[in-house]
Amino acid sequence: MEAKRNGAATGDRASPGRAIDGPTNPMVTPLLTDLYQFTMAYAYWKAGKHNERSVFDLYFRKNPFGGEYTVFAGLEECIKFIANFKLTNDEISFIRDSLPSSCEDGFFDYLRGIDCSDVEVYAISEGSVVFPKVPLLRVEGPIAVVQLVETPFLTLINYASLVATNAARHRFVAGKSKMLLEFGLRRAQGPDGGIGASKYCYIGGFDATSNVAAGRLFGIPLRGTHSHAFVSSFMVDHVWSNLSINLQSPDEIVEKSLQSSDGSYTCEDFVSLVQTWLNKIQWSDSLRGIFGETNQSELAAFTSYAMAFPNNFLALVDTYDVVRSGVPNFCAVALALNDLGYKAGGIRLDSGDLAYLSCEARKFFRAVEKDCRVPGFEKMSITASNDLNEETLDALNKQGHEVDAYGIGTYLVTCYAQPALGCVFKLVEINNQPRIKLSEDVSKVSIPCKKRSYRLYGKEGYPLVDIMTGENEPPPKVGERILCRHPFNESKRAYVVPQQVEELLKCYWPGSSGKPREELPALKDIRERCIKQLERMRPDHMRRLNPTPYKVSVSAKLYDFIHFLWLNEAPVGELQ
Ligand SMILES: Nc1ncnc2c1ncn2[C@@H]1O[C@H](COP(=O)(O)OP(=O)(O)OP(=O)(O)O)[C@@H](O)[C@H]1O
Ligand SMILES: O=P(O)(O)OC[C@H]1O[C@H](OP(=O)(O)OP(=O)(O)O)[C@H](O)[C@@H]1O
Ligand SMILES: O=C(O)c1cccnc1
Ligand SMILES: [Mg+2]
């Protein structure tokens with residue numbers, strides 16, 4: 001997956017002339033677009049309109065998951081895409097074959113010559129918290145070219161922002177102190193969904209992924225435990241219906257010796273050491289009578305795993321019985337490791353009542369710490385997994401639990417609660433003339449003009465409102481009162497005296513205009529921005545139940561202009 005299409009050397013500091021790597025996914029080419037972008041390009045070309053200077057806004061209309069915020073993600077891939085936008089001869093041949101044969105040759109010569117050097121992209125920084133109607137991207141350039149990038153931009157941003165938001169919401173419910181592991185690759189919508197989920201869940205606040213390719217591509221920390229198959233692959237001697245199955249048991253692990261952590265001595269029979277500890281805890285003061293004979297094949301599996309990874313021993317304890325087998329077996333192995341100077345990692349629970357079982361496991365660890373005098377044993381990490389989502393995390397919090405880390409797959413990466421974010425790409429200006437798209441549904445009316453947008457912060461340091469202005473209006477100033485108007489509702493308006501003003505759109509792709517280009521930050525910096533911005537939001541915008549909508553507004557001047565244009569463009573009906 002280390003795809004480099006037209007890619008060149010990259011650097012983390014950007015300068016306009018510096019080459020940028022191609023998109024992560026080699027399928028992201030100029031053909032990854034809708035046919036109508038090419039048919040429109042032809043029609044523009046035929047009409048001699050293809051080079052008309054256009055301005056498009058990319059934005060969404062409603063926050064996902066019933067929330068009042070969204071995390072913006074996918075920008076880096078968009079910039080990598082346009083920085084390398086060039087149709088190959090093969091691609092042009094394919095387009096020629098796909099369009100009607102009446103299309104003139106000159107158009108294909110034109111396609112051969114285009115790239116994105118005439119395009120400029122202004123964007124909100126990736127990882128920012130964003131709101132409906134405010135452009136995430138403003139794309140300027142020759143209309144035929146800009147329309148060709150509409151679909152790839154939308155496909156690169158829609159899922160990225162959706163899954164980053166989903167991750168942020170899971171983080172919000174889980175709380176800051178929990179470790180969040182993304183386990184979704186097997187359930188994601190194909191390889192690109194899986195890779196994208198890992199990248200964007202990390203931005204949204206997850207700590208690590210199980211996806212090895214994503215670890216390599218993006219440097220995301222890799223984490224993992226082991227599966228039930230590892231435990232059930234071990235069997236013990238037993239006789240059942242006269243059928244003797246003679247397989248591995250703890251005393252049949254062939255190589256039994258394990259060196260101590262500091263290398264100073266070797267325990268010749270680690271398996272016996274584990275058995276000894278199991279007997280000890282079975283009859284210890286606090287645990288006497290809590291469990292009897294544990295599953296010996298599970299014990300063999302744990303022992304074997306510990307011998308393979310003495311420094312990172314983590315056990316999946318729910319294959320047979322969490323309280324009567326998995327946890328005692330884990331503790332016996334952890335105690336044996338402790339004798340040799342190793343510190344076991346903890347357990348994973350993957351079924352049953354996770355609140356109850358995590359509390360039982362914690363009690364067990366506490367008893368072991370007390371009876372066996374192993375300081376810190378109580379703090380052994382407990383990971384929970386199994387169809388977790390925002391609701392189950394919330395339910396666990398309400399019940400009380402002892403989980404330290406969550407492994408989350410299906411609901412996270414498939415965005416089960418809402419499958420798509422509805423980002424759109426709308427023409428707002430052509431040849432310096434503002435354009436508007438009207439709709440019966442007011443929420444679908446576009447906000448015309450090439451605009452600037454600002455986030456205004458209040459006295460308490462919270463963002464108060466995002467405001468869009470015409471491109472040539474003076475910017476809002478700290479300490480100066482400004483009227484913020486709801487774009488479509490006349491009665492909704494408020495004065496704001498900002499304590500801080502942040503301009504949202506920055507130039508991420510200047511084309512060959514010579515303007516300075518914002519650097520593409522490292523993934524961990526994008527994640528950092530996201531976490532900081534989420535923390536800075538007023539809590540009532542963030543709560544899960546009935547969150548307060550964040551205010552998105554326009555300047556008084558832009559308000560007047562929108563409504564002037566609206567009246568101008570909308571035909572007056574006649575009543576009969
Ligand atoms: N204390 C809890 N409160 C609310 N939901 C929970 C709690 N514990 C577990 N869950 C959730 O309940 C669901 C249990 O699913 P299910 O009944 O399919 O699994 P299971 O029977 O526990 O395990 P499996 O079938 O994988 O052996 C999961 O979605 C899990 O996340
Ligand atoms: O539950 P998710 O949020 O999707 O997280 C990933 C799941 O994948 C693994 O098992 P898998 O589901 O493959 O098998 P299992 O359900 O039988 O444990 C793991 O044990 C988790 O349960
Ligand atoms: O490492 C794990 O425990 C893991 C990884 C992927 C899916 N389920 C679990
Ligand atoms: Mg499962």
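One is the number of the first residue; the rest follow in order along the sequence. What's counted below: heavy atoms across the whole structure, side chains too, no hydrogens, waters or symmetry copies. Counting convention: from 1, in listed order, for ligands and their atoms alike.
For the residue pair Asn295/Ser325, the side-chain donor-acceptor check at 3.5 Å is not satisfied. Counted by atom type alone, Asn389 and Thr392 present one or more donor-acceptor pairs between their side chains at under 3.5 Å.
Less than 4.0 angstrom separates atom 12 (O) of ligand 1 from none of the non-hydrogen atoms of the protein. Remark: atom 27 (O) of ligand 1 lies closer than 4.0 Å to at least one protein heavy atom. Taking a distance limit of 4.0 Å, we find that atom 3 (N) of ligand 1 is approached by some protein heavy atom. Put simply, atom 31 (O) of ligand 1 has protein non-hydrogen atoms near it, under 4.0 Å away. Within 4.0 Å of atom 16 (O) of ligand 2, not a single protein heavy atom is present.
At the shortest separation from atom 8 (N) of ligand 3 among protein heavy atoms lies Phe183 CD1, 3.6 Å. In terms of protein heavy atoms, atom 5 (O) of ligand 2 is closest to Gly409 N, 3.5 Å. Here the protein heavy atom with the shortest distance to atom 22 (O) of ligand 2 is Asp350 OD1, 2.8 Å. Summary of contacts: the protein heavy atom closest to atom 9 (C) of ligand 2 is Arg186 NH1, 3.7 Å. When hydrogens are left out, the protein atom nearest atom 4 (O) of ligand 2 is Thr410 OG1, 2.4 Å; that is the closest non-hydrogen contact. The single protein non-hydrogen atom nearest to atom 12 (O) of ligand 2 is Arg187 NH2, 2.8 Å, given as residue, atom name and distance.
Atoms of ligand 2 found under 4.0 Å from any heavy atom of Asp387, numbered from 1 in the order shown, are 1 (O), 2 (P), 3 (O). Contact atoms of ligand 2 toward Asn386: 1 (O), 22 (O) (distance under 4.0 Å to a heavy atom of the residue). Taking every non-hydrogen atom of Thr225 and a distance limit under 4.0 Å, the qualifying atoms of ligand 3 come out as 1 (O), 2 (C), 3 (O). Within ligand 3, the atoms closer than 4.0 Å to a non-hydrogen atom of Arg186 are 6 (C), 7 (C), numbered from 1 in the order shown. Within ligand 2, the atoms closer than 4.0 Å to a non-hydrogen atom of Arg348 are 19 (C), 20 (O), numbered from 1 in the order shown. Near Leu388, meaning under 4.0 Å from one of its heavy atoms, ligand 1 places the atoms 31 (O). Atoms of ligand 1 lying under 4.0 Å from at least one heavy atom of Ala355, given by number and element, are 1 (N). Below 4.0 Å from some heavy atom of Gln399 lie the following atoms of ligand 1, by number and element: 1 (N), 2 (C), 3 (N), 4 (C). Every atom of ligand 3 is numbered from 1 in the order shown, and the set under 4.0 Å from a heavy atom of Gly224 is 1 (O).
In this structure, Phe302 has its ring center no closer than 6.0 Å to that of Phe234. No close placement of the Tyr69 and Phe131 rings is indicated, their centers lying 6.0 Å or farther apart.
Residue Ala395 places no N or O, backbone or side chain, under 3.5 Å from any N or O of ligand 1. The shortest N or O to N or O distance between Arg348 and ligand 3 is under 3.5 Å. For ligand 1, the polar-atom distance check finds no N/O of Thr392 at less than 3.5 Å from any of the ligand's N/O atoms. At least one N or O atom of Leu354, backbone or side chain, sits closer than 3.5 Å to an N or O atom of ligand 1.
By the 6.0 Å and 45° rule, Arg169 does not stack over the aromatic ring of Phe65.
Salt bridge status for Arg366 with Asp371: absent, with no side-chain N to carboxylate O gap under 4.0 Å. Using a cut-off of 4.0 Å between Lys/Arg side-chain N and Asp/Glu carboxylate O, Glu360 and Lys363 are scored as salt-bridged.
Closest of all the heavy-atom pairs between Leu340 and Cys267 is CD2-CB, 3.7 Å. Nearest heavy-atom pair, Trp277 versus Ala332, reported as atom, atom and distance to 0.1 Å: CB-O, 3.7 Å. Pairing each heavy atom of Phe218 with each of Ile195, the nearest pair is CE1-CG2, 3.6 Å.
Side chain of Glu126 to backbone of Gly74: a donor-acceptor contact under 3.5 angstrom is found.
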